[in-house]
Trainee: 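The structure is given below, and queries will be raised subsequently.
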Amino acid sequence: MESQQEAIDKFMEGVKARNMHEPEFLQAVQEVAETVIPYIKSHDIYKGKYILTRMVEPERVIMFRVSWVDDAGIIHVNRGFRVQMNSAIGPYKGGLRFHPSVNLSILKFLAFEQVFKNSLTTLPMGGGKGGSDFDPKGKSDDEIMRFCHAFMSELFRHIGHNIDVPAGDIGVGAREVGFLFGMYKKICNNFTGVLTGKGLTWGGSLIRPEATGYGNVYFAQNMLVQKKDSFERKTVVISGSGNVAQYAAEKVIQLGGKVVSLSDSSGTLFDAEGIDAEKLAFVMQLKNVKRARISSYVETYPHAQFLKGKTPWSIPCEVALPCATQNELDVKAAEQLLANGCICVSEGANMPCTPEAIQAFQKAKILFAPGKASNAGGVATSGLEMTQNSLRFKWSRNEVDAKLKEIMEDIHNSCARYGTDPSGYVDYVKGANIAGFVKVADAMLAQGIV
Ligand code: GLU
């Protein structure tokens, strides 16, 4: 009989043959295959149904030209994408990323992860992802508006509040969602909840901007509680300085932890005294209003250091929250974190740790949370925004926050249910993959071969 490893290798050979030039997508699929194939093999209902083979093939991929004119009157052409990965449990749902690195491999990995993540949220959302290789850095507000309008002038025909509901991701925040929504509404003559992350006066939800960062910290807190521990007086290293990193920092500070770093693509800000609430408000102004680099923090707070070209992983800490981007934390960084006494790593970004880094954390038996579980608070709150739009109602800040907390606890418990080994160690990667898989797979089984 075929061993589990042989079954995984055979499956991956097929996926590699069809997606040869998509390393990020293959990385995301490999991680799921390693944990889900053994589960499928020991559960007769999934045998011979090719569920995972069906799940790695997007239901639909849309790729389109986006032409726009810059402030100097020069014409630019970018590539737009929407990957509609899986709609077994609800309309496609997932963000749009605007970044020069965007390509089909990255969006397929993100869409694939999104299917499992959305399933874990307990809400009825399928998985999708989209975006463009457009670089928002250094662009004027008018250029951003023209690009977003041009992007939506094609995307509108493929989305809808019961079809596919995009949102933000890297390079797409409240400003971009506003421009995208404006063009959708104009073309379709229809005011619906077709996007999430909307402004508060036109259908947005309270807590949505905070949700991914807060959710990640709630998840880490749930893990720490299992060890009878907490964030109190912990030194916490955070990478990134966008929406996820900012609100993760805010929640850590509220829970009594000390945040000593933030970063961006040019380097790491290290403030050994701690980034307190006042300094964080300064960072938010810097990043969200002035749209400046994190390095300019040291002009106002000269005791802090800017480590040019460096990641934050060499800074001693007890908790690390990678909140920047995929593969930002490799095995060398993982070993350094472990040597410095790190006891908990919770991913705020999507797939920020390499497979070898994850292996190192798991071998050392520290707490490790994969992004598809720990950063699911963002999309979960998008789901709550969709609910409020359908109800034509608005929940209070406390109501949404309480629901977010409850969802993160549910996700934690689902991971523990499927990921606890006989020694009591919780493999959150295995738990998240299997718990996410089961719900989608059961829906696919019920709906037949479609
Ligand atoms: N881009 C976020 C994620 O990676 C949020 C997606 C959404 O709200 O639809 O989950």
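Whatever order the structure lists them in is the order used to number ligands and atoms, beginning at 1. Note that the structure is a prediction, hence the values are computed from the model and not measured.
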Trainee: Taking the six-membered ring of F25 as reference, does the cationic atom of K108 (NZ for Lys, CZ for Arg) lie under 6.0 Å from its centre and within 45° of its axis?
Mentor: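 Positive - K108 is close enough to the ring of F25 and near enough to its axis.
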Trainee: Can any side-chain N or O of N375 pair as donor or acceptor with the backbone N or O of N216 at less than 3.5 Å?
Mentor: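 Between the backbone of N216 and the side chain of N375 there is no qualifying donor-acceptor contact (under 3.5 Å).
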Trainee: Determine, for E385 against K394, whether the closest basic-nitrogen to carboxylate-oxygen distance falls under 4.0 angstrom.
Mentor: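 No, this pair does not count.
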Trainee: Should Q114 be listed as contacting ligand 1, given a heavy-atom distance under 4.0 Å as the test?
Mentor: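 In this structure, Q114 qualifies as a contact of ligand 1 - some heavy atom is under 4.0 Å.
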Trainee: Is it the side chain (CB and beyond), the backbone, both or neither of N350 that lies under 4.0 Å from ligand 1, heavy atoms counted?
Mentor: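 The part of N350 near ligand 1 is the side chain, not the backbone.
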Trainee: Please list the nearest protein heavy atom to atom 6 (C) of ligand 1 with its residue and the distance rounded to 0.1 Å.
Mentor: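 In this structure, atom 6 (C) of ligand 1 has G95 N, 3.6 Å as its nearest protein heavy atom.
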Trainee: Which protein heavy atom lies closest to atom 9 (O) of ligand 1, and at what distance to 0.1 Å?
Mentor: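 The closest one turns out to be K93 NZ, 2.7 Å.
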Trainee: So that I can tick it off, tell me whether E59 and R54 are bridged by a salt bridge, with the cut-off set at under 4.0 angstrom between side-chain N and carboxylate O.
Mentor: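 Judged by the 4.0 Å cut-off on N to carboxylate O distance, R54 and E59 do not form a salt bridge.
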Trainee: Considering only the protein, which heavy-atom contact is closest to atom 10 (O) of ligand 1, and what is its distance?
Mentor: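 Going atom by atom, the protein heavy atom closest to atom 10 (O) of ligand 1 ends up being K117 NZ, 2.8 Å.
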Trainee: So, D264 and K287, do they make that salt bridge, N to O below 4.0 Å?
Mentor: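 So D264 pairs with K287 through a salt bridge.
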Trainee: So, is R208 polar-close to ligand 1, with some N/O to N/O distance under 3.5 Å?
Mentor: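 Yes; at least one N/O pair falls below 3.5 Å.
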Trainee: Quick one: pull up CG in D271 and NZ in K258 and give me the separation to the nearest 0.5 Å.
Mentor: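 Going from CG on D271 over to NZ on K258, the span is 8.5 Å.
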Trainee: Test of understanding: given a 4.0 Å heavy-atom threshold, classify the contact between M386 and ligand 1 as side chain, backbone, both, or neither.
Mentor: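 Neither part.
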Trainee: What atoms of ligand 1 come closer than 4.0 angstrom to any heavy atom of A167?
Mentor: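 Answer for ligand 1: 7 (C), 8 (O), 9 (O).
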Trainee: As an exercise, identify every atom of ligand 1 less than 4.0 angstrom from a heavy atom of K129.
Mentor: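 Those atoms are 1 (N), 3 (C), 4 (O).
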Trainee: Can a non-hydrogen atom of E113 be found less than 4.0 Å from any atom of ligand 1?
Mentor: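 Under 4.0 Å: no for E113.
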Trainee: Relative to the heavy atoms of S382, which atoms of ligand 1 are at a distance of less than 4.0 Å?
Mentor: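 Those qualifying, in numeric order: 7 (C), 8 (O), 9 (O).
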Trainee: Is the closest N or O pair between G168 and ligand 1 shorter than 3.5 Å?
Mentor: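 In this structure, G168 places an N or O atom under 3.5 Å from an N or O of ligand 1.
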Trainee: Any idea which atoms of ligand 1 are less than 4.0 Å away from a heavy-atom of G94?
Mentor: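 The list of qualifying atoms is 9 (O).
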Trainee: With a 4.0 Å cut-off on N to O distance, would you call R146 and D70 a salt bridge?
Mentor: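 Answer for the salt bridge query: no.
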Trainee: Between K251 (side chain only) and Y247 (backbone N and O only), is there a donor and an acceptor less than 3.5 Å apart?
Mentor: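 Here the side-chain-to-backbone pair does not exist.
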Trainee: Taking the six-membered ring for Trp, are F151 and F98 ring centroids under 6.0 Å apart?
Mentor: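 So the answer is yes for these two rings.
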